[in-house]
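So the structure is just underneath, and the comments pick up after that.
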2 protein chains.
Amino acid sequence: MELRHLHTFVAVAEERSFSRAATRLRTAQSAVSRTVQALERELGGALFERSRHHVELTKTGRATLDTARATLAAAEAVRDAARRTCPLPADECLVETSDA
Amino acid sequence: MELRHLHTFVAVAEERSFSRAATRLRTAQSAVSRTVQALERELGGALFERSRHHVELTKTGRATLDTARATLAAAEAVRDAARRTCPLPADECLVETSDA
DNA sequence: AAGGCTTACGCCAACCGTAACTATT
DNA sequence: AATAGTTACGGTTGGCGTAAGCCTT
């Protein structure tokens, strides 16, 4: 499981559409389809019900969505924490931030 | 940024050693080195001070460690949520978990 | 000189986009 | 028949392991 998978999953869940998610993510529909499939395989359960009317979350999908969002938010917190400590563009911090 | 990066970062931080982290992660030292470098580049700041005595966290590294752990825990929560809803080995849930 | 982090190199696996296919409305 | 998701295919990218390099102790 990677953040990329979760990002894609959340996009599809919110758009309730693979194609709209692809547009939002600026990628091809096939990539979205494959990424969701990979995640479903890894988690051992379908996340979306594709057949009947349109795309909707399965029970597993609904149970997973909140934690997926929380994970993405946590990842953003990592970026923020780093940025807060080292707000420079790059080089000076990369060479040495050192300690207090 | 991917979960793989964070996993490696946390391992190095806990072992305070790239080589021991590599052993723990069952991978080569060079892979650990490259992964940490990639994360540092993306976050825009060094996470470890490698030169003086041994390997130790920089200020940025310390600020980032907790959120990195939280992200990994959140990712585990995703797995747990899915497993809880769909506790089967695979196929039945993959075909259709459906809703209530 | 030995241990440990980094860089170079070659290989392999994974991802992506295009395009063809299938199914549903 | 048109829209939407999946599968196939070829190309590119990225990560890993081995091995050589470099620096510190």
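Computed from heavy atoms alone, side chains included, the values below leave out hydrogens, waters and symmetry copies. Chain naming here is simple, since letters A, B, ... match the order of the sequence lines and numbering starts at 1 in each.
- If you measure from atom CD of Gln29(A) to atom P of dA2(D), you get 17 Å, rounded to the nearest angstrom.
- Put simply, CZ on Arg26(B) is 16 Å from C1' on dG17(D), counting in whole angstrom units.
- With hydrogens and angles disregarded, a donor-acceptor distance shorter than 3.5 Å links the side chain of Thr71(A) to the backbone of Ala74(B).
- Scanning atom types as modelled, one donor and one acceptor separated by under 3.5 angstrom connect the side chain of Ser30(A) and the base of dT18(C).
- A distance-only check finds a donor-acceptor pair linking the side chain of Thr58(B) to the backbone of Ala46(B) [under 3.5 Å].
- Within the nucleic acid shown, Ser19(A) comes within 4.0 Å of sugar-phosphate atoms alone, with no base atom in reach, counting heavy atoms only.
- In this structure a side-chain-to-backbone donor-acceptor pair under 3.5 Å is missing from Glu49(A) to Glu56(A).
- Summarising the geometry, the separation between CG on Leu39(B) and C1' on dG14(D) is reported as 16 Å, rounded to the nearest angstrom.
- Axis orientation changes by 30° from one end of the helix from dA1(C)-dT25(D) to dT25(C)-dA1(D) to the other, with each end axis drawn from 5 pairs and the value rounded to 10°.
- Arg34(B) comes within contact range of at least one nucleobase, with a heavy-atom separation under 4.0 Å.
- Distance Arg16(A) CZ to dG5(D) P: 13 Å, rounded to the nearest Å.
- Within the 3.5 Å criterion, the main-chain N or O of Gln29(A) finds no donor-acceptor partner in the side chain of Ser33(A).
- In this structure, Gln37(B) places its CD atom 12 Å from P of dG15(D), rounding to the nearest Å.
- Using a cut-off of 4.0 Å between Lys/Arg side-chain N and Asp/Glu carboxylate O, Arg79(B) and Glu42(A) are scored as salt-bridged.
- In this structure, the side chains of Arg50(A) and Val36(A) come closer than 4.5 Å at one or more pairs of heavy atoms.
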Assess whether side chain to side chain contact (heavy atoms under 4.5 Å, CB included) is satisfied between Leu65(B) and Leu47(B), documenting all intermediate values.
-> CA-CA 9 Å; Leu65(B) 183 55; Leu47(B) 296 167; over 6 Å; no
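- Within 4.0 Å of Val32(A), counting heavy atoms only, lies no atom of the nucleic acid at all.
- Nucleotide dT3(D) holds its P atom 22 Å from the CZ atom of Arg50(A), rounded to whole Å.
- When the nucleotides dA19(C), dC5(C), dC16(D) are ranked by their closest atom to the side chain of Thr27(B), dC16(D) comes out on top.
- Atom C1' of nucleotide dC16(D) and atom CZ of Arg4(B) are separated by 10 Å, given to the nearest angstrom.
- Comparing dT7(C), dC16(D), dG5(D) by their nearest atom to the side chain of Ala31(B) picks out dC16(D).
- Separating the CD atom of Glu2(B) from the C1' atom of dT13(D) is a distance of 14 Å, rounded to the nearest angstrom.
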